[in-house]
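Quick notes on the structure that follows.
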Amino acid sequence: MKKFAMLIAGFGIAAAAVPATASAQNGWQTINQRQARIEMRINQGIRNGALNRNEAVRLRTQFRQLSQLENQYRRSRPGLTVAERRDLDRRFDRLSQQVRTQKNDRQTNRGR
C-alpha cells in the first residue's frame, strides 16, 4: 500500500512540474518565476562556494532593488504595463547575466 501511495505522489509531482517545464521551454517565464529562479541560483552559488561574500551581498542588493521596483510598478496601477514589463525583463536579464558571471569567475569561498 505504501508503494502505491508513493507511486501516486510521484505522478502528482511529475504532473505539477510539466506546466513549469513547458513554459520554460517556450522561453517565457512570469516575473515571479524569474525571481524565484534567480534567487535559487544565488542561494546555490552561496552554498557551493561559487559566490564569495561580496558578490552575494551585491547580487542580493540588486535583487531586492529590482523586487522593490516591481512592487512600485504594481502599486501605481493594477498589473504591469507593457513598458514596465519590458523594463523588468531587461533588468532581470542583466541580473541573471551578472549571477552567471559572478558564479563562474573563480573567485570562491572555498578554503576560506
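In summary, the side chains of Q97 and R94 do not present any donor paired with an acceptor at a separation below 3.5 Å, with no hydrogens or angles considered.
Annotation: the span from Q35 atom CD to M40 atom CE amounts to 13.5 Å, rounded to 0.5 Å. How far NZ of K103 is from CG of N52: 13.5 Å, rounded to the nearest 0.5 Å. Taken to the nearest 0.5 Å, the CD1 atom of I42 stands 5.5 Å off from the CG atom of L95. Note that the CG atom of L51 and the CD atom of Q44 stand 9.5 Å from one another [nearest 0.5 Å]. Here the CZ-CD distance, from R34 to E70, works out to 11.5 Å after rounding to the nearest 0.5 Å. Note: R37 CZ to S96 OG = 7.5 Å, rounded to the nearest 0.5 Å.
Counting non-hydrogen atoms of other residues, nucleotides and ligands closer than 6.0 Å to CZ of R86 gives a total of 12 or fewer.
Looking only at side-chain heavy atoms (C-beta outward), T101 and Q98 stay at 4.5 Å or farther from each other. Side-chain contact between I46 and R60 is present, with heavy atoms from C-beta onward closer than 4.5 Å. Annotation: side chain of T81 is not in contact with side chain of Y73 (no heavy-atom distance under 4.5 Å). Counting only heavy atoms from C-beta outward, the side chains of R41 and R100 approach each other to under 4.5 Å.
Judged purely by atom type and a 3.5 angstrom limit, Q33 uses its side chain to pair as donor or acceptor with the backbone of T30. No side-chain donor-acceptor contact under 3.5 Å links D87 to the backbone of A83. Side chain of E39 to main chain of A36: no donor-acceptor pair is present (N/O by atom type, distance under 3.5 Å, no hydrogens or angles).
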Can you list the steps and then say if L69 with Q72 is a side chain to side chain contact (heavy atoms under 4.5 Å, CB included)?
-> CA-CA 5 Å; L69 179 62; Q72 179 183 341; 4.1 Å; yes

L66 and I38: side chain to side chain contact (heavy atoms under 4.5 Å, CB included), yes or no, with the steps?
-> CA-CA 11 Å; L66 192 48; I38 290 172; 5.8 Å; no

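With E84 as the fixed residue, the salt bridge (Lys or Arg N to Asp or Glu O under 4.0 Å) test singles out one of R74, R75, R77, R91: R77.
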